[in-house]
Participant: 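One structure is given below, represented as structure tokens, and several questions about it will come after.
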Amino acid sequence: MFKEIIQKEESRFLEELVQLLKFPSISADAKYKDNVLECADFVADKLRLAGMDQVSLLQTAGFPVVYGEKIINKDWPTALIYGHYDVQPADPIDLWHSPPFEPVIKDGKIYARGAADDKGQFYMHLKALEILIKNNALKCNVKCIIEGEEEVGSTNLETFALAYKEKLQCDFIVISDTSMISNENPSITTGLRGLCYMEVEVTGPNRDLHSGVYGGAVANPINILCQMISKLQDENGTILIPGFYEKIEAVSQKERDAMSKAPFDMEAYKKHLDINAVFGEKEYSVLERVSIRPTLDVNGIWGGYIGEGAKTVLPSKAYAKISMRLVPNQDFHEIEKLFEDYFIKIAPENVKVKVTPHHGGEPAVTPTDSFAYRMAEKAIEKTYQKTPIPLRTGGSIPIVSMFKRVLGVDTVLLGFGLDSDAIHSPNEHYHLWNYFKGIETLCHFYSEMD
Ligand code: BES
Ligand code: MN
Ligand code: MN
């Protein structure tokens with residue numbers, strides 16, 4: 001029955017997503033402040049269209065959280081839906097085949113920044129709720145919070161959760177902001193990595209120098225920074241910061257065995273990324289390396305002359321942004337400290353270093369024996385005719401552990417994206433098949449709570 005309704009509404013459901021994707025709601029860039037706020041208003045309107053009550057913008061110190069609820073029966077379980085209407089910056093813009101905020105539908109996919117992360121995904125919930133409310137088929141209470149600062153670390157959400165603790169009371173949280181193994185192998189995400197993000201500045205001489213006149217006797221901060229970075233991780237991918245692995249909770253052999261059964265095609269993986277070989281810890285499979293193991297990556301490195309032609313210069317400063325993905329029970333504040341101490345320790349005397357932490361996030365593991373997980377599993381079985389595989393993933397959604405800590409509630413990560421959706425990359429897209437399949441699955445999820 002849901003399938004038919006969705007088919008009938010297909011063009012409207014798609015058109016509304018196109019409208020949503022047109023807002024350049026980039027939370028990281030102050031230039032887009034008004035666009036982010038306009039996007040919040042649009043989401044509020046669409047919650048009203050879905051038939052939700054008490055729709056409002058709840059203010060935070062940053063961008064507002066869009067709230068709506070449908071409370072039908074006090075004896076029924078209450079779901080709290082979380083999503084985010086903000087998106088990553090679109091650059092490098094030149095690599096997009098069509099403008100990032102002018103959605104294009106091509107080969108069964110919709111291309112736009114935010115298509116899969118997270119607009120296309122949270123919007124499926126609004127459409128499922130609309131169908132269920134209209135047809136009197138909603139069988140749980142729902143509360144909905146769509147925030148505007150996820151891509152900048154959700155820094156105001158803990159204060160928000162504490163302030164609205166009563167309002168946010170629920171039995172479980174449901175989030176569609178992750179991916180599945182493939183459309184043939186549906187999966188439910190059961191773990192997310194944490195994040196520790198640092199910026200470093202290495203200073204050599206007090207000004208840029210002629211590299212002929214001074215080179216050889218004055219330390220070049222870019223050379224030194226590269227040497228220092230090479231001391232953070234060895235060729236096997238092992239991180240060399242003392243104490244880094246100390247608190248890690250071992251993953252049970254049972255879970256590792258289950259993971260090893262998840263389908264993974266090494267050749268297809270390499271081909272998709274155009275790489276000849278993968279990287280990382282030999283003792284762990286690729287799926288393990290990107291989910292249950294911590295990592296360290298340089299996200300950006302700059303300094304000196306990068307303009308046209310050649311300029312012989314020995315620069316005064318070098319910079320890098322370095323992030324670490326964390327696993328349970330690594331604490332990002334502790335890792336920040338370990339990183340800083342080590343980075344200062346390995347700095348040679350001929351430079352000065354400054355280490356600044358950016359936002360971080362806690363890792364999370366979600367239960368597979370909860371009511372919400374069973375309901376999600378059942379809903380996927382209905383629409384995919386397959387039992388979803390539980391699998392941890394490598395990305396981070398820091399609020400999952402924050403909600404557990406502040407509200408005492410577990411999350412089910414019911415995502416419908418694919419790793420190939422190019423989230424955070426140029427030409428981000430979402431498959432229309434996944435969009436409609438997701439709506440259908442969520443219709444079952446919210447209407448068959450027993
Ligand atoms: N939706 C992603 C997280 C994600 C993507 C989880 C794919 C699993 C699979 C989220 O919007 C995101 O990008 N998170 C950031 C962290 C945040 C603190 C900026 C990340 O993982 O880099
Ligand atoms: Mn996201
Ligand atoms: Mn993201």
Side-chain angles (χ1 to χ4, degrees), residues 88-98 100 106-109 111 113 115-117 151 178-185 187 189 191-198 222 225-241 244-245 251 256 259-302 306 320-327 363 389 391-396 415 417-431 434:
Q88 283 277 322
D91 46 77
I93 211 109
D94 300 348
L95 299 181
W96 284 78
H97 301 317
S98 54
K106 212 177 110 191
D107 305 329
K109 300 166 207 146
Y111 286 84
R113 170 58 83 232
D117 184 11
E151 299 292 8
T178 51
S179 44
M180 287 197 177
I181 298 173
S182 67
N183 289 342
E184 296 72 43
N185 298 290
S187 54
T189 302
L192 295 154
R193 287 193 284 197
L195 185 69
C196 174
Y197 202 115
M198 311 295 286
I222 302 182
L225 174 58
C226 291
Q227 287 164 11
M228 290 172 73
I229 287 171
S230 75
K231 290 187 179 146
L232 298 175
Q233 187 180 43
D234 72 13
E235 285 111 60
N236 187 45
T238 304
I239 294 150
L240 304 173
I241 301 168
F244 184 83
Y245 293 97
V251 176
R256 288 190 71 184
M259 279 190 90
S260 69
K261 295 206 179 74
F264 177 77
D265 182 339
M266 180 67 104
E267 288 316 307
Y269 188 82
K270 290 194 290 194
K271 189 155 178 262
H272 175 67
L273 300 171
D274 238 327
I275 54 173
N276 295 325
V278 294
F279 166 82
E281 297 174 294
K282 305 277 175 297
E283 321 77 89
Y284 294 91
S285 71
V286 169
L287 283 180
E288 287 177 330
R289 291 178 208 173
V290 299
S291 61
I292 61 165
R293 296 296 296 162
T295 60
L296 183 145
D297 281 289
V298 179
N299 298 261
I301 179 164
W302 70 104
I306 52 162
K321 291 185 194 279
I322 301 170
S323 69
M324 288 155 279
R325 294 282 168 176
L326 311 177
V327 299
I389 300 167
L391 199 64
R392 294 204 210 178
T393 186
S396 308
L418 295 174
D419 283 347
S420 55
D421 287 342
I423 63 168
H424 294 205
S425 303
N427 305 308
E428 175 177 353
H429 55 268
Y430 193 35
H431 290 256
N434 297 53

Participant: Taking salt bridge (Lys or Arg N to Asp or Glu O under 4.0 Å) as the test, write out the residues that go with E235, two or more places apart.
Facilitator: none
Participant: Provide the closest heavy-atom pair for G237 versus Q233 in the form atom of the first, atom of the second, distance.
Facilitator: O-NE2, 3.3 Å
Participant: Using a 6.0 Å cut-off, check whether atom CG of D419 has over 12 heavy atoms from anything other than its own residue.
Facilitator: no
Participant: Does the side chain of L232 reach to within under 4.5 Å of the side chain of I322, using non-hydrogen atoms?
Facilitator: yes
Participant: Please report the closest heavy-atom contact between P294 and Y245, naming both atoms and the distance.
Facilitator: CG-CE2, 3.8 Å
Participant: More than 12 heavy atoms of other residues, nucleotides or ligands under 6.0 Å from CD1 of I306: is that the case?
Facilitator: no
Participant: Of all the heavy-atom pairs spanning V327 and S291, show the shortest one and how long it is.
Facilitator: CG1-O, 3.9 Å
Participant: Mind checking what makes salt bridge (Lys or Arg N to Asp or Glu O under 4.0 Å) contact with E151, not counting sequence neighbours?
Facilitator: none
Participant: Verify the distance criterion only: is there a donor paired with an acceptor across the side chains of S323 and N299 at less than 3.5 Å?
Facilitator: yes
Participant: Hey, are E283 and N236 close enough side-chain-wise for a donor-acceptor pair under 3.5 Å?
Facilitator: yes
Participant: Restricting to non-hydrogen atoms, name the atom on A116 and the atom on I423 that form the minimum distance, rounded to 0.1 Å.
Facilitator: CB-CG2, 3.8 Å
Participant: Does some side-chain heavy atom of I241 sit less than 4.5 Å from a side-chain heavy atom of L296?
Facilitator: yes
Participant: Check whether the side chains of R325 and S396 place a donor and an acceptor atom closer than 3.5 Å, and report yes or no.
Facilitator: yes
Participant: Identify the two heavy atoms, one from S98 and one from N427, that lie closest to each other, and give their separation to 0.1 Å.
Facilitator: N-OD1, 4.4 Å
Participant: With heavy-atom distances below 4.5 Å as the criterion, would you say the side chains of I301 and I229 are in contact?
Facilitator: yes
Participant: Is a donor on one side and an acceptor on the other found under 3.5 Å between the side chain of R113 and the backbone of E428?
Facilitator: no
Participant: When you measure from the side chain of W96 to the backbone of D91, do you find a donor-acceptor pair of N or O atoms at a distance under 3.5 Å?
Facilitator: no
Participant: Would you call M324 and T295 a side-chain contact if the rule is heavy atoms closer than 4.5 Å?
Facilitator: no
Participant: Nearest heavy-atom pair of G417 and D421: which atoms, and what distance?
Facilitator: CA-OD2, 3.3 Å
Participant: Could you list all the salt bridge (Lys or Arg N to Asp or Glu O under 4.0 Å) pairs where at least one residue sits in residues 262-275, not counting sequence neighbours?
Facilitator: E267-K270
Participant: Quick test of your reading of the model: are R256 and E288 salt-bridged, counting only N-O distances below 4.0 Å?
Facilitator: yes
Participant: Does some side-chain heavy atom of Y430 sit less than 4.5 Å from a side-chain heavy atom of K109?
Facilitator: no
Participant: Side chain to side chain contact (heavy atoms under 4.5 Å, CB included) for T189 and R392? Distances and angles first, verdict last.
Facilitator: CA-CA 5 Å; T189 302; R392 294 204 210 178; 5.9 Å; no
Participant: Thinking salt bridges, do R289 and E281 make one under a 4.0 Å N-O criterion?
Facilitator: no
